[in-house]
Every structure is written in structure tokens, then in C-alpha cells.
Q: 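Okay, handing you the structure first.
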Amino acid sequence: MRYFHIIFLLISIFLIQSCVVDEQCRQNKYVEMKVDFFHVKASAKRDTLTISTLTIDSITVRGLAYNAATSKYEAKDSIIYNNSKSISTIDLPLQKLSTVSKYQVKLNKFTDTLTVVHTNTDSYLSLECGCLKFHTINSVSTTRHFVDSVSISNSNVNTSHAENIRIYK
Amino acid sequence: MFASNAEAQTTKKKVKEVDNTPLFNGISIQADAASLLSPVLFSGERYSYEAGLQVDLKHKYYPVFELGFAGANKISNNDIEFKTSGLFGRIGVDFNFMKQKKDAKPTTNLFLVGVRLGMSSSPYSISNVKIIDNYWGGNEILNYPDQISSKVWFEVVAGIRVEVLKNFYMGWTVRNKNMLTQDATGAVAPWYVPGFGLNNGGNWGFNYNLGYKFQLQTKISTKIKTKK
């Protein structure tokens with residue numbers, strides 16, 4: 001009984017020692033608005049519409065930040081997509097500390113402005129991972145130089161990386 | 001031949017064991033010595049102290065009540081600070097699987113397997129949670145003071161007790177802990193729950209118990225009645 005006691009005590013101490021706390025964040029923290037491009041084509045009789053994925057030959061995207069001094073939105077130096085080729089999907093970071101996010105989107109030779117109005121929600125993960133900002137898209141609008149229309153397909157922007165917005169040409 | 005067999009059956013001794021062990025055989029107080037090492041084992045980030053009362057019923061069933069005080073003061077790699085401290089309690093029962101040998105001196109050593117229901121309601125705070133907007137710029141610091149954690153968990157325990165001196169016992173207990181109270185997704189959940197440990201769904205625990213038993217009924221009287 002005495003040896004039995006000592007052996008199990010040693011095993012238990014080993015178990016305790018082996019329970020090392022993992023302090024690395026291993027959770028998905030990627031929260032960006034997913035935008036897909038589609039091409040809309042009417043039939044010859046114009047009675048049906050065919051929607052297909054649109055691949056953009058060249059795309060450049062940068063944020064438009066509000067400058068209080070000039071009371072204007074100005075393009076940021078940092079470019080999100082820089083002349084990227086053959087793209088049908090883009091991921092855009094929404095503002096975490098503001099509720100309006102604007103983007104200058106250059107599609108081939110045309111430049112449109114995409115405006116997203118959203119609310120931001122704190123989502124606490126853990127002590128290791130901290131807190132994320134999730135977003136709910138309230139409305140979306142665009143200029144129409146290249147783009148025909150835009151719609152919200154899923155208003156919740158979180159770590160699921162589901163399609164949020166559709167841009168139609 | 002047949003008659004002699006029948007006679008043999010009737011004269012065969014029928015042995016029936018009657019357990020006259022009293023229902024109540026004393027009460028033990030015990031303290032956990034392993035918890036004194038917890039500040040050293042966890043670099044001062046966590047501490048936990050506990051003691052318990054255990055009743056001996058028929059040397060088979062051991063209802064137990066445990067009470068403790070635990071806490072944590074942790075700063076994560078990304079400088080988030082977590083603080084908690086509070087009481088916790090557990091109720092449950094152990095079952096003694098150490099068999100008594102016939103015609104031998106009854107052993108006072110125990111091999112116990114049991115269950116516990118643990119409860120804790122403790123205040124905690126999480127502070128200095130930074131949200132940095134890498135693309136658009138700016139940052140925000142969030143603080144969550146005065147949070148309350150109310151948790152219930154279930155434990156399966158196993159261990160032994162050895163009488164090292166008259167009425168003084170030593171022994172260990174290993175615990176498998178399973179949280180019953182779940183946190184909602186996105187909720188500001190505690191990092192550590194007093195009595196349970198890290199708030200990650202399941203934990204292992206270990207106690208090294210030092211105890212004293214007040215022998216209110218000391219004699220095990222098992223009569224063996226022989227019937228002819």
C-alpha cells in the first residue's frame with residue numbers, strides 16, 4: 001500500500017507538471033468584409049437575367065479617410081489591392097472605430113467609390129487572443145462608373161469569411 | 001445413497017454474514033497540502049487553498065463537503081490583465097472500494113472513487129484589452145471591471161487515504177473536472193474560475209490531503225452467524 005501510494009503521488013505530480021498553459025492565440029482573428037463580383041447578362045428577349053462570376057482584369061483598392069481639416073475624404077497611402085490581376089473576390093477591412101468605411105475602387109480603367117455604413121460590436125475571445133470588432137452592415141452604396149449596382153448578401157462581418165457584398169456589372 | 005445425500009445437505013453449515021457496522025463511524029477534517037504549492041507551481045499567477053469535512057457511513061460511503069479560497073492575477077502576453085479571487089464549494093460523495101479481509105484486522109486504509117458538484121460565484125476584472133485598427137489607424141482600450149462569474153461544474157475523483165498515525169490520515173485525490181456552465185460566444189469570460197482552474201471546459205486537479213478523523217464509532221463488529 002505504501003509503494004502504491006508513492007507511485008500514484010509521482011504520477012499525479014507528473015500530470016500536474018505536464019499541464020503547461022498554452023499562451024498562444026490559436027483562434028481565427030480574420031475579420032474582413034468579403035466582396036464578390038458578378039456579371040449580369042440579359043437574354044436577347046430581355047425576359048431572363050443570367051448571373052455569373054465576374055473576373056476583373058485589374059483592380060486597385062485603397063481606403064478613403066475623412067480629413068477633418070479639409071472636410072473631405074482623401075485616399076490613404078496604404079493600398080489594400082495594388083493592380084491585382086484576374087480577381088473575382090476582394091476582402092476589405094471595415095473601420096473598427098468609425099461607422100462609415102469608404103473605398104476608392106479602380107476596376108480596369110474606371111474608378112468607383114464604395115461606401116459602407118455599419119455598426120461595430122466588441123467580441124471578446126480570450127486573455128490570449130484579446131477582443132475583435134465584428135460589424136453589421138446597415139447599408140452600402142456606390143458610384144456607377146464601372147459598377148452597375150451593389151447589394152448586401154450577408155450583413156454580418158465576422159470570422160466566418162462568408163460573402164457580405166455583391167458588386168454587379 | 002439418496003438419503004445420506006439429503007442428510008448431508010441438511011447438516012451442511014450455512015454461513016451468512018451479517019454486517020453490523022454502525023451507520024455513523026466518525027467525521028474527518030482534512031486540508032489540502034498540495035494547494036500550498038500552487039503559488040510556486042504557477043509562478044504566483046494562481047493560488048488555491050481548500051479544506052473539507054467528510055463523514056464515514058458504514059465504512060463504505062463518505063459524503064463530503066469541501067470549501068476553498070482561490071484566485072488569480074495574470075497578465076497575458078498581449079498585456080491584458082485578469083484578476084479574480086473568491087470562495088468555492090463542492091459537495092459529493094466518495095465510495096470506498098477497499099475490501100475488508102475476513103478474519104483479519106480491519107484495514108483503515110481507503111481507496112476512494114467519487115463524484116463532486118462544484119460551485120463558485122466570484123468577482124473578476126479584465127482590463128487593458130487593446131483594439132488596434134491596423135489599416136485605418138487608431139486604437140481603443142477596453143476595460144471590464146466588476147464582472148461576476150457564477151459557475152457550476154462536475155468532478156469525478158479518485159484517491160487513497162492511509163492512516164499514518166492513530167486517526168491521522170494522509171492521501172491524495174486526482175480530479176477530472178468538467179464545466180457545466182458555458183459562456184456565450186463573445187462574452188467577457190473569466191480566464192480562471194476559483195476551484196475549477198483555467199476556464200477551458202475541462203481540467204485535472206490534484207490534492208494531497210492531511211486529515212484527522214474523530215472516531216465516534218470505532219469498533220467494526222461483524223458477526224458471523226452459523227446456522228445449521
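Proteins come first, then strands; the chains are lettered A, B, ... in the order of their sequence lines, and each starts at number 1.
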Q: Roughly how far, to the nearest 0.5 Å, is the CD atom of B:Glu140 from the CG atom of A:Asp122?
A: 6.0 Å
Q: Is it the case that atom NZ in B:Lys177 sees more than 12 heavy atoms from other parts of the structure closer than 6.0 Å?
A: yes
Q: Between B:Ile80 and chain A, which part of the residue has a heavy atom less than 4.5 Å away: side chain, backbone, both or neither?
A: both
Q: Please determine whether the number of non-hydrogen atoms from other residues, nucleotides or ligands lying under 6.0 Å from atom NZ of A:Lys34 exceeds 12.
A: yes
Q: Within this structure, what is the CG-NZ distance for the pair B:Asp133 and A:Lys133, rounded to the nearest 0.5 Å?
A: 10.0 Å
Q: What distance separates B:Ile131 CD1 from A:Ser123 OG, expressed to the nearest 0.5 Å?
A: 9.5 Å
Q: Is it true that, when you exclude A:Lys29 itself, more than 12 heavy atoms of the residues, nucleotides or ligands shown sit nearer than 6.0 Å to its NZ?
A: yes
Q: Using non-hydrogen atoms and a 4.5 Å limit, figure out which bit of B:Val129 sits close to chain A: side chain, backbone, both or neither.
A: side chain
Q: Roughly how far, to the nearest 0.5 Å, is the CG atom of B:Asn200 from the OG atom of A:Ser126?
A: 11.0 Å
Q: Heavy-atom pairs under 4.5 Å with chain B: which of A:Gly63, A:Cys129, A:Ala65, A:Gly130 has the most?
A: A:Gly63
Q: Sort B:Asn139 into side chain, backbone, both or neither according to what part of it lies under 4.5 angstrom from a heavy atom of chain A.
A: backbone
Q: By number, which residues in residues 77-104 of chain A have some heavy atom less than 4.5 Å away from chain B?
A: A:Ser78, A:Ile80, A:Pro93, A:Leu94, A:Gln95, A:Lys96, A:Leu97, A:Ser101, A:Lys102, A:Tyr103
Q: Walk me through whether A:Arg62 and B:Tyr135 qualify under side-chain contact (heavy atoms from CB on, under 4.5 Å).
A: CA-CA 10 Å; A:Arg62 66 174 77 201; B:Tyr135 181 74; 4.1 Å; yes
Q: Side chain, backbone, both or neither: which part of B:Ile75 has a non-hydrogen atom closer than 4.5 Å to chain A?
A: neither
Q: Heavy atoms only, distances under 4.5 angstrom: which of B:Asn199, B:Val188, B:Asn203 has the most pairs with chain A? Name it, please.
A: B:Val188
Q: Enter the distance from B:Thr185:OG1 to A:Tyr124:OH here, rounded to the nearest 0.5 Å.
A: 14.0 Å
Q: Can you tell me if CG on B:Asp146 sees more than 12 non-hydrogen neighbours from other groups inside 6.0 Å?
A: no
Q: Working to the nearest 0.5 angstrom, can you tell me the gap between B:Asn77 CG and A:Leu127 CG?
A: 9.0 Å
Q: Answer yes or no: are there more than 12 heavy-atom neighbours, outside A:Tyr66 itself, under 6.0 Å from its atom OH?
A: yes
Q: Which heavy atom in A:Cys131 sits nearest to a heavy atom in B:Leu142, and how many Å separate them?
A: SG-CD1, 3.9 Å
Q: Are there more than 12 heavy atoms of other residues, nucleotides or ligands under 6.0 Å from atom OH of B:Tyr212?
A: yes
